[in-house]
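Input: a single structure, listed below in structure tokens.
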Amino acid sequence: MTTETTPLSGRICLVAGATRGAGRAIAVQLGAAGATVYVTGRTTREKLSEVGRASETIEETAELVTAAGGEGIPVPTDHLEPDQVRALVDRIDRERGRLDVLVNDVWGGEHLVTFGKKTWENDLAGGLRMLELGVRTHAITSHLAVPLLIRNPGGLVVEVTDGTAAYNSTHFRENLYYDLAKNAPIRMAFGLARELEEYGGTAVVVTPGWLRSEQMLAGFGVTEENWRDATEKIPDFGVSESPVYVGRAVAALAADPDRHRWTGRSLSSGELAKEYGFTDADGSQPDAWGFIVASETGKPDVADYR
């Protein structure tokens, strides 16, 4: 392998929330670029998180990272517990002495989201739990991990969310708690970009489009192999993307020596694909957010956005 195929060789990454979905794919693609990746989450082969999906574990993610060409290191971590996150960062410091990329992808609140109800009609405990999972975890992780990241210039923080800043600023995400949880990372990246400036660091927020996560596929009753069957009932699902796409987006950002030009920005996987030239696993370049916006004023052809 060469530096062209493994541009992240020697880089130390932490993907917080790498059990499944976007987090797992990001970890794997960082590994494919040669990075050492610490992968965290609550679901292990011995313990199940509240999400209740035993089929995805951090150990499996770490194995996928290593198989892709990097080094995957699973560390069971509840990012709502500062002592656990502190121990995680101390371990990275002890073992590697540096942190080059921090990906804040912690979530795990899909099972709490309900639509079609007013704020006061929703379950308060479930709503507050979404804010804990989607906001508090990110704040704790940044507070404890960024001091290691800024030890060397050039560090990258990637917040992962649902929705671009432009879209979310003009659209209510149908559930107030979900809306808050997914807008907070946008502001976190905006603020961290300014705080990291004097240390030569970069912070961005990245969103996938319509993501074919494990849970999404299960909800549609399809697999990644036959996902197009779902378009018979929901044609717009044709613009969806596999988690590989956002994984390649983050890996491309991390490998870009000029990535600081993006600092503070909200970016989508489709936008970054056009910039860096990567594709989804099937060779296409879906632009789900472009399609969604175009759908508000017309009836765009899905084929024009793949």
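Along the sequence shown, the residues carry numbers beginning at 1.
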Closest heavy-atom pair and its distance - Val206, Val158: CG2-CG1, 3.9 Å
Under 3.5 Å: donor-acceptor pair, side chain of Glu71, backbone of Thr66: no
Leu131 side chain near Arg136 side chain, heavy-atom distance below 4.5 Å: no
CA sep, side-chain torsions, deciding dist, call: Arg259, Thr202, side chain to side chain donor-acceptor pair (under 3.5 Å): CA-CA 7 Å; Arg259 62 183 172 274; Thr202 298; 4.9 Å; no
Verify same cluster id: Val101, Val37 (apolar side-chain graph, 4.5 Å): yes
Distance in Å, Arg98 CZ paired with Asn152 CG, rounded so as to fall on 0.5 Å steps: 4.0 Å
Heavy-atom side-chain contact between Val85 and Glu81 under 4.5 Å: no
Carboxylate-amine/guanidinium proximity below 4.0 Å for Lys274 and Asp287: yes
Contact summary for Leu149 and Leu156, nearest pair of heavy atoms: CD1-O, 3.7 Å
Connected via hydrophobic side-chain network under 4.5 Å: Leu64 and Val103: yes
Side-chain (Ser295) to main-chain (Val293) donor-acceptor, under 3.5 angstrom: no
Six-ring centre of Tyr245, Arg248 cation under 6.0 angstrom, axis tolerance 45°: no
Distance, nearest 0.5 Å, that separates CD of Glu95 from OH of Tyr38: 3.5 Å
Partners passing side chain to side chain donor-acceptor pair (under 3.5 Å) against Trp210 (at least two apart in sequence or in another chain): none
Audit row: Arg129, Asp123, salt bridge (charged side-chain N to carboxylate O under 4.0 Å, His left out) steps and yes/no: CA-CA 10 Å; Arg129 182 63 175 171; Asp123 176 60; over 6 Å; no
Verdict with reasoning, Glu214 to Arg24, per side chain to side chain contact (heavy atoms under 4.5 Å, CB included): CA-CA 11 Å; Glu214 296 90 345; Arg24 167 172 284 189; 4.2 Å; yes
Asp105 (side chain) donor-acceptor with Gly23 (main chain) under 3.5 angstrom: yes
No-hydrogen, no-angle side-chain donor-acceptor test under 3.5 Å, Thr43 and Ser49: yes
CD-CD distance between Glu46 and Glu59, expressed to the nearest 0.5 angstrom: 5.5 Å
Under 3.5 Å: donor-acceptor pair, side chain of Thr36, backbone of Ile12: no
Donor on one side chain, acceptor on other, Asn122 and Thr119, under 3.5 Å: no
Other residues, nucleotides, ligands: >12 heavy atoms within 6.0 Å of Arg151 CZ: yes
Sidechain-backbone polar pair: Ser266 side chain, Ala165 backbone, donor-acceptor under 3.5 Å: yes
Atom pair CG/CG of Leu99 and Leu14 - distance to nearest 0.5 Å: 6.0 Å
Nearest heavy-atom neighbours spanning Ala25 and Pro243: CB-O, 3.0 Å
Atom NE2 of His111: over 12 foreign heavy atoms under 6.0 Å: yes
Expected output: side-chain Asn226 to main-chain Asp229 donor-acceptor under 3.5 Å: no
Pairing of Arg42 and Glu50 as salt bridge, 4.0 angstrom limit: yes
Set of residues satisfying ring pair (Phe, Tyr, Trp, His ring centres under 6.0 Å) with respect to Tyr199, sequence neighbours excluded: none
Minimum-distance pair of heavy atoms, taken over all atoms of Pro185 and Gly134: CG-O, 4.3 Å
Trp289 side chain to Pro208 backbone, donor-acceptor under 3.5 Å: yes
Pairwise distance CZ(Phe278) to CD(Gln29) - rounded to 0.5 angstrom: 9.5 Å
Side chains of Thr263 and Leu196 in contact at under 4.5 Å (non-hydrogen atoms): no
Stepwise side chain to side chain contact (heavy atoms under 4.5 Å, CB included) check, Thr40 with Val15: CA-CA 7 Å; Thr40 68; Val15 181; over 6 Å; no
Side chain proximity check, Leu211 to Ser240, heavy atoms < 4.5 angstrom: no
Validation row: Ser269, Thr207 side chains within 4.5 angstrom (heavy atoms): no
Qualifying residue, where the test is side chain to side chain donor-acceptor pair (under 3.5 Å) with Arg173 and the options are Asn183, Asp179, Asp162: Asp162
Under 3.5 Å: donor-acceptor pair, side chain of Thr6, backbone of Ser9: no
Interatomic distance, Ile73 atom CD1 to Leu88 atom CG [nearest 0.5 angstrom]: 10.5 Å
Aromatic ring pairing Trp262/Tyr276, orientation class (parallel under 30°, perpendicular over 60°, tilted between): tilted
Intermediate values then yes/no, side chain to side chain contact (heavy atoms under 4.5 Å, CB included), Phe220 and Ile234: CA-CA 10 Å; Phe220 278 92; Ile234 305 178; 3.2 Å; yes
Side chain to side chain contact (heavy atoms under 4.5 Å, CB included) assessment of Phe237 paired with Arg228: CA-CA 8 Å; Phe237 195 55; Arg228 290 184 181 276; over 6 Å; no
Gly41 backbone acceptor or donor facing Thr77 side chain under 3.5 Å: no
Nearest non-hydrogen partners of Val302 and Asp236, listed with the distance: CG2-CA, 4.3 Å
Arg86 vs His143 side-chain heavy atoms within contact, under 4.5 Å: no
Worked verdict on Arg53 versus Glu56 for salt bridge (charged side-chain N to carboxylate O under 4.0 Å, His left out): CA-CA 6 Å; Arg53 292 183 61 85; Glu56 301 109 23; 2.8 Å; yes
Salt-bridge present (Glu63, Arg45; N to O < 4.0 Å): yes
Exercise: identify the closest heavy-atom pair between Leu272 and Ala249: CD1-CB, 3.9 Å
Residues His138 and Glu159: side-chain donor-acceptor under 3.5 angstrom: yes
Check: Asp282 main-chain N/O paired with Asp280 side-chain donor or acceptor under 3.5 Å: no
Distance-only side-chain donor-acceptor flag, Glu132 / His79, under 3.5 Å: no
Within-4.5 Å side-chain heavy-atom neighbours: Met188 and Ser142: no
Residue pair Arg212 / Ser242, side-chain donor-acceptor N/O under 3.5 Å: no
Minimum side-chain heavy-atom gap Asn104-Val160 below 4.5 Å: no
salt_bridge(Glu121, Lys118) N-O dist < 4.0 Å: no
